[in-house]
There are 2 protein chains.
Amino acid sequence: MHKMAHVESPPVKGASLHPRRRVYRLSRERRVADIMDSARGVFCAKGYGDAVISEIAGQLGIVEGTIYRYFPTKRDLLIAVVEDWYRRILADYDEQLKGISGTRNRLRFLIWRHLKVIHDDPAMFRLVTGELRGGADYRTTSVYDMNRQYTKRTLAIVEEAVKSGEFRADVPLRMVRDMIYGGAEHHTWAFLRGEGDFSPDAAAEAIVGIIYRGLMGADTAPNSENGAVDAQAISRLESVARRLERVAESRDPRRGREKSRKQG
Amino acid sequence: MHKMAHVESPPVKGASLHPRRRVYRLSRERRVADIMDSARGVFCAKGYGDAVISEIAGQLGIVEGTIYRYFPTKRDLLIAVVEDWYRRILADYDEQLKGISGTRNRLRFLIWRHLKVIHDDPAMFRLVTGELRGGADYRTTSVYDMNRQYTKRTLAIVEEAVKSGEFRADVPLRMVRDMIYGGAEHHTWAFLRGEGDFSPDAAAEAIVGIIYRGLMGADTAPNSENGAVDAQAISRLESVARRLERVAESRDPRRGREKSRKQG
DNA sequence: CCCATTAATGAGTTTAACTCATTATAATGC
DNA sequence: GCATTATAATGAGTTAAACTCATTAATGGG
């Protein structure tokens, strides 16, 4: 509102006064790739908020406007950078998973892989969780889709284990997934802030251990302490029930599933 | 570098040209409280990045500079707002926890409380997770301290249950805490982005169920005071029995155990 | 070697965080 | 009730960074 006329002699808008230095032009693809490379470095080093477009341009020896030719906003640039990173990460994902068998091994691999990514590239992960995931446009992002695919594998493995009777059926699958990935992330906060370190191997093993014991049919070791009469009786019944459940489910999965489901 | 002399007649720096409207002064405390109130509303409505100081000032009928008298930066204002909110949240925390007994109940209360906070004030929670927690200054924040106190209670409850033999001893306690709070948060992401809803009660129950089964001693806690363990096992057996009865009714009752048979 | 295409420029504008010399209000002392 | 004083508040800035666009010129196809 308080714009003031400072000089009433406006030079014609794009009039050039100095000769331009020799300019080398790159193909669109090449320039875009260069910009994303540089942007990634700056975003990781400074974080999104403190990253400055002119610094990215400066690294490439180009001018800010050139970047805006390819990326309409700073945020679009961020999204492109993160999407590219995520795509690379997940490139050989299914291939690797194919080579691993057994519920426990497969589950541990998925968790370990996730933790390894965080460990290897904490700055990028921070961009995802701190900047992207909170935004209203997150769902329009391919990161969202890729992430869904990613966690869906986990759900599928747990689901299969339930069907085969390895896992109990009365457990909310979504929450299992949430606790795995949420737990992994929560576990790495301190590291992500630059405080100390963590071990992807140890953490994956810990998570898979808790989940496994939590979902396993209540197989109990024999115990003869006082009060064990009831416990043993229940344990025996649990075991019988589990066997029967398996039989019932393989006979009529539809009925079995819909009746044992409690929460969605 | 390219600052240009626009007008060579600089008016003396703070010279007043217009008479000021009548100004009412508030005490420092009162003004700070008002600013924080207003800031909270704007931050929640727009998010930190899109919130504008001048809008906060406008709501109060004051000028931007007044806000900067009390809060050196926009971020400091955010931190103050979040700290205040968090302090209120945790005010009666220990009091409430004191009235709850039994590992399972206490654990569920802590989780439920956390989920309830998210459910009741998602925008504030987003400020904490999206803006504050990622920052390098998070640890200097009292939110950090309060959060530590908060999750420490959880750890204490689990630790005690391990000592009493209710929980198994070979479990990494930190990871249990991480899976509880990380899982809770992961579970609420969609809601936090404004997609759909979630039930704090159901979610808390689901989390506590998984954790409980995962940590329960293999001997199923012979001296469990409130009988929660046995009750859970029995409840599960009852539900399985009901289900089996239903399956049996709709089938040839004389058919015994057989190998599972695949059907379409 | 021309010329159409389009990469790149550079000189802006706009917006929003932040600063500070000055003003004048409300509390204090007499 | 009046002068004094401490300080709340102002308003007119500056600065920085995202973003725009008319113009320029490098490049590759003919």
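Just so you know, these numbers use all the heavy atoms, side chains as well, and skip hydrogens, waters and symmetry mates.
In the set C:dA16, D:dA18, C:dA8, the nucleotide with an atom closest to the side chain of B:Val52 is C:dA16.
Atoms CG (B:Leu60) and P (D:dA9) sit 10 Å apart, rounded to a whole Å. When rounded to the nearest whole Å, the span between CD of A:Glu64 and P of D:dT20 equals 12 Å. In this structure, A:Asp34 places its CG atom 14 Å from C1' of C:dA8, rounding to the nearest Å. When the P atom of C:dA8 is taken as reference, atom CD1 of A:Ile67 falls 11 Å away, rounded to whole Å. As rounded to whole Å, 10 Å separates atom P of D:dT7 from atom CZ of B:Arg28. In this structure, A:Arg25 atom CZ and C:dA4 atom P are separated by 15 Å, rounded to whole Å. What separates CD1 of A:Ile62 from C1' of C:dA7 is a distance of 10 Å, to the nearest Å. Distance, B:Phe43 CZ to C:dA16 C1': 13 Å, rounded to whole Å.
The ring of B:His114 has its center closer than 6.0 angstrom to the ring center of B:Phe125.
Put simply, B:Arg22 has no side-chain N or O that comes within less than 4.0 Å of OP1 or OP2 on D:dA8. At D:dA9, one or more side-chain N or O atoms of B:Arg31 fall inside 4.0 Å of OP1 or OP2 (strictly under the cut-off). When the side-chain nitrogen and oxygen atoms of A:Arg69 are compared with OP1 and OP2 of C:dA8, none of them lie within a distance under 4.0 Å. Note on A:Tyr68: a side-chain N or O is less than 4.0 Å away from OP1 or OP2 of D:dC19. The side chain of A:Tyr70 contributes an N or O atom lying less than 4.0 Å from OP1 or OP2 of C:dA8.
If you take CD1 on B:Ile62 and CG on B:Asp34, they are separated by 8.0 Å, rounding to the nearest 0.5 Å.
Under the 4.0 Å criterion applied to side-chain N and carboxylate O atoms, A:Asp84 and A:Arg40 are not assigned as salt-bridge partners. Ion pair B:Arg139/A:Glu195 flagged as a salt bridge, since at least one NZ, NE, NH1 or NH2 atom sits closer than 4.0 Å to an Asp/Glu carboxylate oxygen.
Side-chain contact between B:Tyr70 and B:Leu77 is absent, with no heavy-atom pair separated by less than 4.5 Å.
Using a 4.0 Å cut-off on heavy atoms, none of the residues of residues 73-83 of chain B approach DNA chain D.
The shortest heavy-atom contact between A:Phe191 and A:Pro122 is CE2-CB, 3.7 Å.
Comparing A:Tyr48 and A:Thr66 against DNA chain D, the residue whose closest nucleotide sits nearer the 5' end is A:Tyr48.
Looking at heavy-atom distances under 4.0 Å, A:Ala51 makes contact with sugar-phosphate atoms alone, never a base.
Remark: B:His187 pairs with no residue by the ring-ring contact (aromatic ring centres under 6.0 Å, His included) rule, at least two apart or across chains.
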